[in-house]
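Some notes on the structure that comes next.
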Amino acid sequence: MSVHVDDSDKPLRYGQLLWGFETHDSMLGIAWDWREVMPDVVAIADPLSIVSNACFVDEEGVAVDDAVRMLCLNTAVYQLPWQTAVCAAKRKMRASALA
């Protein structure tokens with residue numbers, strides 16, 4: 001995960017997140033940009049820019065089209081506890097900056 005701070009009056013954070021895992025001897029990853037919309041409230045910066053090396057297929061084993069793939073990726077990101085991880089990392093950064 002990367003974390004940056006806006007250069008605006010409100011020091012909101014933004015960054016990129018890579019969520020990876022291993023399955024069946026393969027490494028899969030999903031990456032996206034995130035933004036803090038208000039302190040400690042984070043959201044996907046652009047739901048259409050999620051990238052992944054995962055391949056999605058339908059019941060017949062045929063690769064799904066881009067719209068269905070994006071829906072699957074958004075669903076996966078929605079189900080991950082990534083906001084908790086981002087906010088915890090931000091709290092650690094704030095605490096170390098104050099120390």
Side-chain angles (χ1 to χ4, degrees):
M1 174 177 44
S2 68
V3 179
H4 309 283
V5 180
D6 277 336
D7 293 329
S8 65
D9 294 336
K10 297 179 183 178
L12 297 176
R13 290 166 170 73
Y14 66 95
Q16 298 80 36
L17 185 60
L18 170 63
W19 199 281
F21 49 94
E22 186 173 358
T23 178
H24 304 293
D25 299 326
S26 297
M27 292 296 296
L28 296 175
I30 303 173
W32 62 93
D33 295 337
W34 60 269
R35 291 201 69 78
E36 191 172 39
V37 294
M38 63 176 35
D40 293 321
V41 177
V42 294
I44 300 170
D46 180 357
L48 296 179
S49 68
I50 299 171
V51 295
S52 178
N53 65 338
C55 178
F56 298 94
V57 296
D58 63 17
E59 294 81 19
E60 287 82 38
V62 177
V64 299
D65 64 27
D66 289 340
V68 173
R69 183 175 189 276
M70 196 52 57
L71 179 62
C72 292
L73 289 172
N74 273 274
T75 300
V77 170
Y78 176 77
Q79 293 178 354
L80 293 171
W82 69 273
Q83 287 113 334
T84 303
V86 167
C87 290
K90 290 186 308 169
R91 281 191 289 278
K92 286 181 186 176
M93 286 179 60
R94 286 182 183 132
S96 65
L98 296 173

field: Residues in ring pair (Phe, Tyr, Trp, His ring centres under 6.0 Å) contact with W82, at least two apart in sequence or another chain
entry: W32

- prompt: Are V51 and L17 co-members of a hydrophobic cluster defined by side-chain heavy atoms under 4.5 Å apart?
  reply: no

query: Taking only residues two or more places apart in sequence, or in another chain, which ones meet S49 in a side-chain contact (heavy atoms from CB on, under 4.5 Å)?
result: D46

Test side-chain contact (heavy atoms from CB on, under 4.5 Å) applied to A76 - qualifying residues, sequence neighbours left out: I30

- prompt: When rounded to the nearest 0.5 angstrom, what distance separates CG in N74 from CD in Q79?
  reply: 11.0 Å

- request: Verify the cluster assignment for V37 and I50: are they in a single hydrophobic cluster under the rule of side-chain heavy atoms below 4.5 Å apart?
  value: no

- request: Please tell me if the side chains of C87 and E36 come closer than 4.5 Å, counting only heavy atoms from C-beta onward.
  value: no

- prompt: Is F21 atom CZ crowded by more than 12 heavy atoms from other residues, nucleotides or ligands, each under 6.0 Å away?
  reply: yes

task: Could you tell me which non-hydrogen atom of V86 sits nearest to which non-hydrogen atom of M1, and how far apart they are?
output: CG2-SD, 3.5 Å

field: Side chain to side chain, R69 and D65, heavy atoms closer than 4.5 Å
entry: no

field: Within residues 15-29 or reaching into it, pairs that qualify as side chain to side chain donor-acceptor pair (under 3.5 Å) - sequence neighbours excluded
entry: S2-Q16

Quiz: residues 53-64 side-chain donor-acceptor pairs under 3.5 angstrom, not counting sequence neighbours:
from : atom 1 : to  : atom 2 : distance (Å)
N53  : OD1    : G29 : N      : 2.8
N53  : ND2    : M27 : O      : 3.0
D58  : OD1    : E60 : N      : 2.9
D58  : OD1    : G61 : N      : 3.1
D58  : OD1    : V62 : N      : 2.9

- request: May I ask you to test the P39-L12 pair for a side-chain heavy-atom distance under 4.5 Å?
  value: yes

- prompt: Can you name the side-chain contact (heavy atoms from CB on, under 4.5 Å) partners of A45, sequence neighbours left out?
  reply: D33, R35

query: With a 4.5 Å heavy-atom cut-off, do V42 and W34 have their side chains touching?
result: yes

query: Looking at CE of M70 and CG of L48, how far apart are the two atoms once the value is rounded to the nearest 0.5 Å?
result: 6.0 Å

message: Using the rule that Ile, Leu, Val, Met, Phe, Trp and Tyr join whenever any side-chain heavy atoms are under 4.5 Å apart, tell me whether L80 and L18 fall into a single cluster.
response: no

